[in-house]
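One structure below.
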Amino acid sequence: MFIVLLGPPGAGKGTQAQRLAAATHLLHISTGDMFRENVKNATELGKLANTYMTKGELVPDEVTIRMLLERIARPDAEAGAMFDGFPRNVVQAAALDDALGGRGAKIDRALYIFVPDDELISRLGGRWICRNCGTLYHERNDPPAKAGVCDKCGGELYQREDDRPEVVATRLQKQKPPAELIEHYREAGVLREIDGARSLDDVTASLLEAIR
Ligand code: AMP
């Protein structure tokens, strides 16, 4: 099964993807995580991506699509995957459709998590990530047992540089899923719309229901 998670920054895609991956054992592929890993390791790709990420802009399609196609060509993605943060536009969606189509597969579900803007802004401000294992927390909605420390591995929690208020404004302006992208999946008959302004557990339950 191949699933895409759609939604604006702060809708909860990353947190829900981690929960769905634990519940379904589907491979979780996050292009944002892949870029952050490259930034951390100071690769050429990371240096290039970071010039866009720090401004809250999308990394160019050519670069992002190449990275994603390489990732899904690996054997662990043969049977299925859940994409979090990809595609961000119809060009990326078409590239993914082509790649999957070439091996007799397709996107089975597109889960669109929608949340009002004012809620997104407050969520992005309180977000913390484990430097070691990538687990996501929120100081209000999903706090760790001990501030600054990961419940799962004891790693140090940090705040994303692009969660600063001045960058958040750009991300919200430039990175909401475009209407054509939602339409792309609606036309394919695989779109499910999920109200993301509810408790984490309620949203997870709706998402699991939608992929059952
Ligand atoms: P995210 O963790 O999904 O919020 O992604 C963090 C940053 O990585 C974004 O602000 C973009 O700069 C970049 N990024 C992640 N996924 C994509 C994508 N599919 N296309 C272009 N840029 C992306």
Side-chain angles (χ1 to χ4, degrees), residues 2-21 28-72 77 81-100 107 110-115 117 119-121 123-131 133-138 157-178 180-182 184-185 196:
F2 290 91
I3 297 174
V4 298
L5 283 172
L6 307 173
K13 296 188 298 294
T15 302
Q16 294 296 344
Q18 290 178 349
R19 289 170 155 234
L20 294 183
H28 172 200
I29 297 180
S30 156
T31 43
D33 284 352
M34 292 171 79
F35 284 134
R36 279 185 288 279
E37 190 64 25
N38 275 280
V39 171
K40 189 164 93 181
N41 297 330
T43 66
E44 286 307 311
L45 173 64
K47 285 179 207 160
L48 173 72
N50 205 35
T51 61
Y52 297 92
M53 293 167 78
T54 51
K55 288 185 280 188
E57 287 171 9
L58 290 175
V59 178
D61 285 342
E62 193 203 55
V63 175
T64 308
I65 289 170
R66 193 183 325 126
M67 175 179 79
L68 192 277
L69 294 186
E70 278 170 20
R71 180 65 191 86
I72 63 172
M82 175 174 40
F83 302 102
D84 152 21
F86 188 98
R88 294 287 229 274
N89 56 42
V90 280
V91 173
Q92 295 184 4
L96 180 57
D97 288 348
D98 284 352
L100 292 179
I107 294 298
L111 306 171
Y112 174 34
I113 308 177
F114 60 91
V115 174
D117 275 6
E119 174 68 16
L120 294 174
I121 293 167
R123 285 188 187 187
L124 290 166
R127 192 150 82 160
W128 293 81
I129 307 182
C130 176
R131 213 178 273 292
C133 74
T135 298
L136 296 166
Y137 296 92
H138 190 278
L157 304 185
Y158 75 102
Q159 292 201 283
R160 273 170 56 168
E161 219 180 294
D162 58 351
D163 278 348
R164 282 176 296 131
E166 58 279 23
V167 185
V168 162
T170 312
R171 287 169 62 213
L172 285 181
Q173 191 196 338
K174 298 202 169 169
Q175 300 199 23
K176 287 203 188 132
E180 317 88 82
L181 180 63
I182 305 297
H184 177 86
Y185 290 114

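Counting starts at 1 for both ligands and their atoms, following the listed order.
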Item checked: Basic-acidic side-chain contact under 4.0 Å: Arg66, Glu62 -> yes
Check: Got Thr64 and Phe86 here, is their nearest side-chain heavy-atom distance under 4.5 Å?
Finding: yes
Next item on the list: Say whether, by atom type as modelled, one donor and one acceptor occur between the side chain of Lys13 and the main chain of Leu5 under 3.5 angstrom.
Entry: no
Note to self: Quick check: closest heavy atoms across Ala11 and Leu120, and the distance to 0.1 Å?
What the structure shows: N-CD2, 3.6 Å
Checklist line | Heavy-atom pair of closest approach, residues Ile29 and Met34 | finding: CG2-SD, 4.1 Å
Notebook entry, point to check: Does Val168 have any side chain to side chain contact (heavy atoms under 4.5 Å, CB included) partners at least two apart in sequence or in another chain, and if so, which?
Noted result: Leu124, Arg171, Leu172
Pairs under 3.5 Å, nitrogen or oxygen of ligand 1 with protein nitrogen or oxygen:
residue	atom	partner	partner atom	Å
ligand 1	2 (O)	Arg36	NH1	2.9
ligand 1	2 (O)	Arg36	NH2	3.0
ligand 1	2 (O)	Arg160	NH1	3.1
ligand 1	3 (O)	Arg88	NH1	3.2
ligand 1	3 (O)	Arg88	NH2	3.2
ligand 1	4 (O)	Arg160	NH2	3.0
ligand 1	10 (O)	Gln175	OE1	3.4
ligand 1	10 (O)	Gln175	NE2	2.9
ligand 1	12 (O)	Glu57	O	2.6
ligand 1	16 (N)	Thr31	OG1	2.8
ligand 1	16 (N)	Gly85	O	3.4
ligand 1	16 (N)	Arg88	NH1	3.2
ligand 1	19 (N)	Gly85	O	2.9
ligand 1	19 (N)	Gln92	OE1	3.0
ligand 1	20 (N)	Gln92	NE2	3.0
ligand 1	22 (N)	Val59	N	3.0

